[in-house]
Amino acid sequence: MLDHEQDVGGDLLADSLTDLVSNGLGEGRRGPRGDQTPAVAWVSIGSLSSVEATVHPELEVLSIGVWEGEPLSLAPVTGLPRLRTLTAYPGTLADPLEIAELTGLEFLGPGPEDWRVLLSAGAVPRSLSAASIEIRDTCHPLPIVALANELLALWDRPLITRTTLEGNLGPLA
């Protein structure tokens with residue numbers, strides 16, 4: 001079960017679709033995660049004011065949004081056993097290489113410049129199952145496609161195909 005209302009990964013509801021249809025969720029299950037609520041924290045100008053304020057052993061998701069202060073360090077969350085998702089608005093991280101210390105990450109979504117730092121240093125976490133590139137404002141898509149292809153190549157995944165069309169569209173009306 002992948003829940004679009006949650007910021008964390010999927011949950012096993014049954015061993016098979018047949019089992020789910022035949023037996024339902026089973027005794028003691030109330031849907032994804034049972035009674036557990038995933039620990040999610042947002043640091044931004046409209047919510048928590050520091051990464052330090054998010055630290056607790058159950059933290060699974062850290063999202064860093066629009067930030068007007070000094071860039072933030074990820075050092076306080078290094079070593080948290082359950083942290084598996086990090087998103088960071090472009091320009092919010094003091095040192096993108098601190099991401100490499102977050103060894104349990106499954107999803108990562110920083111900005112293009114942070115990805116470039118990680119790629120250049122060979123520090124993209126190998127534990128990732130998925131990734132995104134956070135974009136600020138508007139930018140030309142071709143550099144983002146090139147960056148995405150570098151990330152895809154790390155996992156031997158098919159690259160994004162780029163096709164250029166050329167031709168004469170006729171006289172302008």
Side-chain angles (χ1 to χ4, degrees), residues 1-12 32-157 159-160:
M1 167 74 167
L2 295 174
D3 186 349
H4 74 278
E5 297 290 330
Q6 298 293 326
D7 288 328
V8 293
D11 289 291
L12 181 64
R33 306 190 157 274
D35 289 330
Q36 289 181 325
T37 302
V40 179
W42 292 271
V43 176
S44 69
I45 57 175
S47 55
L48 295 174
S49 61
S50 71
V51 173
E52 291 83 359
T54 70
V55 176
H56 61 84
E58 300 300 313
L59 183 65
E60 293 183 45
V61 178
L62 175 58
S63 293
I64 301 173
V66 176
W67 187 252
E68 293 178 345
E70 290 294 315
L72 301 164
S73 171
L74 295 173
V77 295
T78 300
L80 290 180
R82 296 184 60 160
L83 183 61
R84 51 191 188 151
T85 297
L86 172 67
T87 59
Y89 193 74
T92 58
L93 298 178
D95 182 5
L97 291 176
E98 290 178 327
I99 291 170
E101 302 299 318
L102 305 175
T103 57
L105 285 182
E106 296 173 6
F107 178 83
L108 179 59
E113 297 81 13
D114 297 332
W115 275 118
R116 180 62 48 219
V117 168
L118 291 170
L119 283 163
S120 295
V124 174
R126 297 304 295 169
S127 59
L128 295 180
S129 296
S132 72
I133 302 169
E134 292 289 321
I135 307 295
R136 177 190 299 178
D137 304 322
T138 58
C139 64
H140 198 279
L142 291 182
I144 303 304
V145 168
L147 180 61
N149 278 339
E150 286 184 61
L151 292 169
L152 290 166
L154 289 176
W155 279 268
D156 297 321
R157 304 298 300 159
L159 303 182
I160 299 168

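Throughout, residue positions are numbered sequentially from 1 according to the sequence presented.
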Check the pair Leu93 / Ile99 against side chain to side chain contact (heavy atoms under 4.5 Å, CB included), numbers first and verdict last.
CA-CA 9 Å; Leu93 298 178; Ile99 291 170; 3.8 Å; yes

Only pairs under 3.5 Å count here: list side-chain donor-acceptor contacts from residues 107-125, not counting sequence neighbours, and write none if there are none.
{"from": "Trp115", "atom 1": "NE1", "to": "Pro110", "atom 2": "O", "distance (Å)": "3.4"}
{"from": "Trp115", "atom 1": "NE1", "to": "Ser132", "atom 2": "O", "distance (Å)": "2.9"}
{"from": "Arg116", "atom 1": "NH1", "to": "Glu150", "atom 2": "OE1", "distance (Å)": "3.1"}
{"from": "Arg116", "atom 1": "NH1", "to": "Glu150", "atom 2": "OE2", "distance (Å)": "3.0"}
{"from": "Arg116", "atom 1": "NH2", "to": "Glu150", "atom 2": "OE2", "distance (Å)": "2.8"}
{"from": "Ser120", "atom 1": "OG", "to": "Arg116", "atom 2": "O", "distance (Å)": "2.9"}

Side chain to side chain donor-acceptor pair (under 3.5 Å) with Ser44: which residues, sequence neighbours excluded?
Ser47

Could you state the interatomic distance from CG (Leu83) to CD (Glu106), rounded to the nearest 0.5 Å?
10.0 Å

What pairs with Thr54 under side chain to side chain donor-acceptor pair (under 3.5 Å), at least two apart in sequence or on another chain?
none

Calculate, to the nearest 0.5 Å, the distance between atoms CG and OG1 belonging to Leu62 and Thr85 respectively.
9.5 Å

Which atoms form the tightest heavy-atom contact between Thr87 and Ser63, and what is the distance?
OG1-OG, 3.0 Å

Provide the full list of salt bridge (charged side-chain N to carboxylate O under 4.0 Å, His left out) pairs with a residue in residues 89-99, sequence neighbours left out, each pair given once.
none

List in chain and number order the residues that pass side-chain contact (heavy atoms from CB on, under 4.5 Å) with Thr78, two or more places apart in sequence or in another chain; answer none if no residue qualifies.
Glu101, Leu102

Qualifying residues under side-chain contact (heavy atoms from CB on, under 4.5 Å), relative to Pro76, sequence neighbours excluded
Val51, Glu52, Val55, Ser73

Value for CG (Leu151) from CG (Leu128), rounded to nearest 0.5 Å, stands at 8.5 Å

Please check if the side chain of Arg126 supplies one atom and the backbone of Leu154 the other of a donor-acceptor pair under 3.5 Å.
yes

Smallest heavy-atom separation, Ala41 atom then Leu48 atom, equals CB-CD1, 4.2 Å

Nearest heavy-atom contact between Ser127 and Thr103 is OG-O, 3.4 Å

Give me the atom names and distance for the closest heavy-atom approach of Val43 to Ser49.
CG1-C, 4.4 Å

Identify, with sequence neighbours excluded, every residue that meets side-chain contact (heavy atoms from CB on, under 4.5 Å) alongside Ala153.
Leu159

Show me, pair by pair, the donor-acceptor contacts under 3.5 angstrom made by side chains of residues 136-145, not counting sequence neighbours?
{"from": "Arg136", "atom 1": "NH2", "to": "Pro90", "atom 2": "O", "distance (Å)": "2.1"}
{"from": "His140", "atom 1": "ND1", "to": "Leu142", "atom 2": "N", "distance (Å)": "3.2"}

How far does CD of Glu58 sit from CG of Leu80, to the nearest 0.5 angstrom?
10.0 Å

